[in-house]
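So the structure is just underneath, and the comments pick up after that.
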Amino acid sequence: MTDNLENDSEDLPEQIAVRMAKREKLNDLNDAYPVSIPITHTVAEVKAEFPELEIDVATGKKVALAGRVVFARNTGKLCFATLQSGEGDRIQAMVSLDKVGEESLEQYKELVDLGDHLFVEGEVITSKRGELSVLVDSWKMAAKTIRPLPNLHNDLSEEFRVRHRYIDLIVRDRAREVVRIRSQVMQSLRNTFTQDNFLEVETPMLQVMHGGASARPFKTHMNAFDMELFLRIAPELFLKRALVGGLERVYEINRNFRNEGADSTHSPEFAMLESYQAYGDYNSMAELTQKLIQNAAQDVFGTQVIELEEGETNDLSGTWDRVSMFESLSEAAGVAITPETPIADLKKLADKVGIEIDHPLHGKYVEELWEHFVKPALTKPTFVMDFPVDTSPLTRDHRDKAGVVEKWDLYIRGYEQATGYSELVDPVIQRERFVAQMALAKSGDPEAMKLDEEFLKALEFGMPPSGGMGMGIDRLLMSLTGLGIRETILFPLVK
RNA sequence: GGGCCUCUAGCUCAGUUGGUUAGAGCAACGGACUUUUAAUCCGUGGGUCGUCGGUUCGAUCCCGACGGGGCCUACCA
C-alpha cells in the first residue's frame, strides 16, 4: 500500500475516495475525529453487568460506549452494527428511526462504514433474537476510517498479517491473545527474579566492542565521536562487570541484534534474558531456569502442561532431565567419544553420516555430531550438560571432568531454549581464551570473539564465582504457544 | 548464499493449453426493507493480472532480468 492520499481524488482507489468524502461531510456536520468522547462503560463492562438477559428485554440502563464497527446490517428504518472493543469484546448497536429521527438515521446510513470507531449512547436491551444491544438514542463518529477493513470472513494471508499487524490485531482473536500472553510471561519472569532478590539492570546496546557470544554484529557509526559502534550481540560482558562491582544477582531482558539469517526460529533482533548469580554455578542456574519457565507456564496458563496449536501438548512439569553431551553422544553413536578422541576419528564419523565439516576445533565436531545423533530425539525438556572447552571461551573448566566446561544447553521441543554456565572468572585463563579466539579470527572465522581489554581489566579486579544463564524470550513464547517466531514478535522485521 | 515454488479488484481466491469485453464471494456505489447476526433482494462501478524488457500479428499467460513472499538447504539463539 504505497498509494498517497495527497493525490487528486480521481487517482484514489474508489473506496478510499468515497470515505474521504464522508470524512469531509462529517467534519462539516460536526467532527470526524472528536478530541474525546464521553464513554461511561466499556463493552466488557456492559456484557459483565447483563450476562443472561431474556429475549426482547429493556433494562432501563443507559450507557455510552464506543467500538469499531465490524459488521453492519441496515434495513430501511432500523440499522444493526456490531461494535468491537480493543479487547475484542463485541456488542450490538441498534439505530432505529423512532429513537434517533429521520435526519440522524439517514446520516448514519450515509456516513458510517465498516471499520469506523462509533460512539453510541442509549439503553441496554436485548433484541427479538436475544442479542445484547444498545438501543441508540444518539450516535457520533468517534474516528472515521479512510481505508476499508479486510473482509472478516477469510483468514488474512500470512504476509498481510505480518506486514499489517495492526489489522491482524483488529480481526484475529489469537493475534491479540499472543500479545497478552507475551506481556504476562514477561511479568512472570520478573516476578520470579524479584522473589529471588535479583536486580533488573540495563546495559549498553551500543557498544564500542561487541562480545559475549559468537555472532556477526550490525555496525553503525556515531557522528559526534566519528566512531564505529556495534549493536550488541549479547549483554554478557557488561553484566559480568556488574558482578565485579558487587551486584550479586542481576538480570536483563532486552534486545540483541545479530547480522545473520532469519527463519522460523531466528530474527535479526530478538529479546534476550541474561542472568548472573554470584556464588551460584551452572547447577543453580539450571534450577533457576526451570523455575522461571515453570512459573511462567503456571502464571499464564494455570498449568505446566500446555496445550499448543494443533492438539500438541508441551509438558513442562517435573524435574527436567540432565544428560551429558559426551555420554549421550557416545551412546547414540555406538562408539565412545571423549575429549581425547582424535579429530581424525571424529571427521571419519562425520563423513560416514554425511556431515560436511572442516574446522580447526575439536569441539565443533563434537557439537555437530551431537546435533546429528542426539538432538532429533530430544522432545522432553532436557539440560544437555558439559560442553567441549574450545567452543565455549567464556566458561570455566569442569571441576572434575577433563576437557569439558561447566555449560548446559536447555532443549525444549527440539530446539535450544536457554544456555547456562559456571562462569570463567580467572582473568589469566580468560585472556588465553581470547588470544585463541583471535587466532580463529585471523584464520577467517567471522564470528570469533575479539579480545576485550576493558572486560579483562574488570575481571582482574576480581569477579566472584558465579553462574550465568541466557534465554531467548521469543523462543520461550514459541515453546509456550507452539507458534513461529514471527508470530510471537508484534512487529517483526520485513523487507 | 544455493535450489524449487509463487505474485490476478480493498480482502480471500478462481481463471486464461497465447486471441476481441479477466471472473466469484465479501467490501464499495444506487435502490427496497423496523429485529438483523457473514441480513436479504434488485441494479451498478471497480484491475498497469508485481515491475521492466524480449519472443509473437497478438502476452495477464511463453522467455529473461529485477522486486516481494513462501518452502527446502547451509550458519547463528
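To find a chain, count down the sequence lines: A is the first, B the second, and so on, and within it residues start at 1. These figures come from a predicted structure and were not determined experimentally.
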Exercise. Take the angle between the ring planes of A/Phe383 and A/Trp320 and call it parallel below 30°, perpendicular above 60°, tilted in between.
Key: tilted
Quiz prompt | Any A/Lys128 side-chain nitrogen or oxygen under 4.0 Å from OP1 or OP2 of B/U35 | solution = no
All N/O contacts under 3.5 Å from nucleotides 29-31 of chain B to the protein, with atom names and distances to one decimal?
from: B/C29; atom 1: OP1; to: A/Lys22; atom 2: NZ; distance (Å): 2.5

Quiz item: Counting only heavy atoms not in A/Arg165, do more than 12 sit closer than 6.0 Å to its CZ atom?
Solution: yes
Short N/O separations, protein against nucleotides 1-4 of chain B, under 3.5 angstrom:
none

Quiz item: Can you tell which of B/A39, B/G10, B/G68 lies closest to the side chain of A/Arg163?
Solution: B/G68
Considering only nitrogen or oxygen atoms on both sides, find all protein atoms under 3.5 Å from nucleotides 72-75 of chain B and state each distance.
from: B/C75; atom 1: O2'; to: A/Glu447; atom 2: OE2; distance (Å): 3.3
from: B/C75; atom 1: N4; to: A/Asp263; atom 2: OD2; distance (Å): 3.4

Quiz item: Can you tell me how far CD of A/Glu236 sits from CE of A/Met272, rounded to the nearest 0.5 angstrom?
Solution: 9.0 Å
Quiz prompt | Of all pairs that satisfy side-chain hydrogen bond (donor to acceptor under 3.5 Å, both in side chains), the ones with a partner from residues 12-24 of chain A, not counting sequence neighbours | solution = A/Lys22-A/Asp113
Practice problem: May I ask you to list the residues of residues 152-159 of chain A, by number, that have any heavy atom positioned under 4.0 Å from an atom of RNA chain B? | Solution: A/His153, A/Asn154, A/Asp155, A/Leu156, A/Ser157, A/Glu159
Quiz item: Dot-bracket for RNA chain B, 5' to 3', counting Watson-Crick or G-U wobble pairs under 3.5 Å, with [ ] for crossing pairs and | for inter-strand pairs?
Solution: (((((((..((((.....[...)))).(((((.......))))).....(((((..]....))))))))))))....
Self-check item: With sequence neighbours excluded, residues passing ring pair (Phe, Tyr, Trp, His ring centres under 6.0 Å) with A/Tyr251
Solution: A/Phe193
Self-check item: Members of residues 486-495 of chain A that approach RNA chain B, where some heavy atom sits under 4.0 Å away
Solution: A/Arg486, A/Lys495
Identify the pairs formed between an N or O of the protein and an N or O of nucleotides 21-23 of chain B at a distance under 3.5 Å, and give each distance.
none

For residues 485-495 of chain A, which side-chain donor-acceptor pairs fall under 3.5 Å, sequence neighbours excluded?
from: A/Glu487; atom 1: OE1; to: A/Arg161; atom 2: NH2; distance (Å): 3.2
from: A/Glu487; atom 1: OE1; to: A/Arg172; atom 2: NH2; distance (Å): 3.2
from: A/Glu487; atom 1: OE2; to: A/Arg161; atom 2: NH2; distance (Å): 3.0
from: A/Thr488; atom 1: OG1; to: A/Ile485; atom 2: O; distance (Å): 2.9

Quiz prompt | Nucleic acid contacts of residues 94-105 of chain A, taken as heavy-atom distances under 4.0 Å to RNA chain B | solution = A/Met94, A/Leu97, A/Asp98
Quiz item: A/Ile485 CD1 to B/G70 C1': how many Å, rounded?
Solution: 17 Å
Quiz item: Partners of A/Phe270 by ring pair (Phe, Tyr, Trp, His ring centres under 6.0 Å), sequence neighbours excluded?
Solution: none
Quiz item: Given atom NZ of A/Lys77 and atom P of B/U35, what is their separation to the nearest angstrom?
Solution: 10 Å
Practice problem: Might you confirm whether atom CD of A/Glu49 has over 12 heavy atoms from other residues, nucleotides or ligands at distances under 6.0 Å? | Solution: yes
